[in-house]
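Inspection log for the structure reproduced underneath, given as structure tokens.
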Amino acid sequence: MSVTHVDVRRGAYHDSVTLLQVSRTVADVDGVEAAQVAMATELNVEVLGGMGFDVPEGASANDLVVAVRATDDAGVAAGIAAAEAALSARSTTPSGGFGDAPAPRTTAAAVRAGNADIALISVPGRFATAEALDAIATGASVMLFSDNVPVEDEVRLKDAAAAADVLVMGPDCGTAVVSGVALGFANVVGAGPIGMVAASGTGAQQVMCLLDAAGVGISHCLGVGGRDLKDAVGARSTRQALAALAADPSTTSVVVVSKPPDEAVLTDLEAYAGGLGLPVRWATLGAGRPDLTSAVEALLEAEGREVPQWPAWVANDDPAARSVQGSLRGLFCGGTLADDAMLLAADALGDIRSNIPLRDDLALGADLRDDGHLVIDFGDDGLTQGRAHPMIDPTLRMERIDAEAADPTCGVLLLDLVLGHGAHQDPAGELADAIRGAKAAAKAGGRDLPVVVSVTGTESDPQGLTRTAETLAAAGASVFLSNRDATRHALSFLGSAR
């Protein structure tokens, strides 16, 4: 009989990425059946409950929960010891010698001590504005990885940055490449003449990976945060980023990548870009506008470059002509990839329900359930409070894959997987296991379940594009570098490809 241990440690804060790594370390201990080391946020307490752990009442988001279930007392003890060791190792800082200067205690002090040009800030959203203002006051640009920052604070930060002639990338900026240095989630791509401004993280990664597959490199990728092209923000950072790239001698043209922008903001921005003196092209999603892949193809043609055949790995047991009954279920880690897929699918299928809907009336309820066509962004702010981004911690999506496999209304699964720096070190193995399990569960229920995966990555990424794709294809998925091609292939099973 299993033995369970749940320990609440008051006021012991650790960031979500650290705790994910600790949880994985504990879960790998011999005799441990399940483990979760996490802050006691409302969402994490719910996840712990779903795993069979009973968190004591009164635990708050400022408290650490160490939960271990093992085959016996010795396994529990070994799991707790592993958690202690991992937490201690990540909390240890080198001690200085006699007379050494004390470590910086503020963001501004750290920027000055390092003579830094950019400060990368990743703290809970309610603390992010103060830290970013501290960095801006020193004359440093900011990459603000933090999400859940109020939009009025975003405007305040970007106005302060403009006054200081620096750039705020974010908030919720997950991807940037500055002079070849990757910040946050970014792929390994070559240097080249194309500059990027991105109000999107995974959208930027899709574009840079398609360019890489076409043999074209980038000069810089400047993220600006997913709300920058909305009315409330008015493209404040996009304008600054475009001006910076126009002044950069290594950049000969620019592509702007964005989730669906507000039309008036985009119109004003296009007029502004027309006066910069270098070509600016657009990969801005929306009804009637090109998908990301088509936008890249148009950019390549405008640059006088050949458009390649985008790589694909089609599963042996996955003939596209075979039709299935049921609905499209898109389970995404990347919000812009989810938008890209929804816009394509809506043209073929009609209304798609989502937690990031194309129209307000298509919003999913809190349970994220519907019998019809749906696309879920597991990286949305509402699903990342108190836990790591799903590109790091895929737990919620893995659970949903299992649920869809058991749901007879699910006709085809469309997934994304994003490689590169910052992402899971070996995402293909876990996802391949989930795909095998889903297909087997559907088969046991008397139905076929096609699985299609859009993989955003390059051969130079630590995980390896081909290695990843072949692992997923061996599990029975059809895999595409192009998110457009993946979506079209998924639609083909429903008799709806265009």
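Numbering of residues begins at 1 and proceeds along the displayed sequence.
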Check: Arg484 and Pro290 side chains under 4.5 Å, non-hydrogen atoms: no

Over all atoms of both residues, closest heavy-atom pair of Trp282 and Ala295: O-CB, 3.8 Å

Non-hydrogen atoms of Ser60 and Ala40 that approach each other most closely: O-CB, 3.1 Å

Pairwise distance OG1(Thr129) to CG(Asp134) - rounded to 0.5 angstrom: 12.0 Å

Ring-face cation contact, Phe378 with Arg397, 6.0 Å cut, 45° max: no

Gln463/Thr468 under side chain to side chain donor-acceptor pair (under 3.5 Å): CA gap, chis, key distance, verdict: CA-CA 7 Å; Gln463 304 88 347; Thr468 296; over 6 Å; no

Side-chain heavy-atom pair Gln36, Met51 within 4.5 angstrom cut-off: yes

Euclidean distance, Ser122 OG relative to Leu144 CG, rounded to 0.5 Å: 8.5 Å

Working for salt bridge (charged side-chain N to carboxylate O under 4.0 Å, His left out), residues Glu430 and Arg24: CA-CA 13 Å; Glu430 276 189 327; Arg24 291 183 181 279; 3.2 Å; yes

Asn483 to Thr293 - nearest heavy-atom pair and separation: N-OG1, 4.1 Å

Spacing of NE2 belonging to His14 relative to CG belonging to Leu87, to within rounding of 0.5 Å: 4.5 Å

Minimum-distance pair of heavy atoms, taken over all atoms of Ile356 and Gly335: CD1-O, 3.7 Å

Ion pair Glu301/Arg305, N-O distance below 4.0 Å: no

Pair Lys158-Glu154, salt bridge (charged side-chain N to carboxylate O under 4.0 Å, His left out): steps then yes or no: CA-CA 6 Å; Lys158 291 181 174 181; Glu154 178 173 350; 2.7 Å; yes

Residues Glu152, Arg227: salt bridge by 4.0 Å N-O rule: no

Minimum side-chain heavy-atom gap Asp339-Val375 below 4.5 Å: no

For the student: nearest non-hydrogen atoms of Val265 and Gly234, plus distance: CG1-C, 4.1 Å

Contact check, side chains of Met391 and Thr202, non-hydrogen atoms, under 4.5 Å: yes

Side-chain touch Thr336/Leu292, heavy atoms, less than 4.5 angstrom: yes

From CG (Asp351) to CG (Leu362), nearest 0.5 Å: 4.5 Å

Contact summary for Val189 and Met208, nearest pair of heavy atoms: CG1-O, 3.8 Å

Salt-bridge present (Asp228, Arg236; N to O < 4.0 Å): no

Check against side chain to side chain donor-acceptor pair (under 3.5 Å), Gln206 and Thr456: CA-CA 6 Å; Gln206 170 82 169; Thr456 295; 2.9 Å; yes

Separation of Thr238 OG1 from Leu222 CG (nearest 0.5 Å): 10.0 Å

Asp367 with Arg369: basic N within carboxylate O range, under 4.0 Å: no

Residue of the set Asp262, Val224, Val151 for which side-chain contact (heavy atoms from CB on, under 4.5 Å) holds with Val233: Val151

Centroid separation His421 to Phe185 less than 6.0 Å: no

Residues Arg353 and Asp370 bridged, charged N to O under 4.0 Å: yes

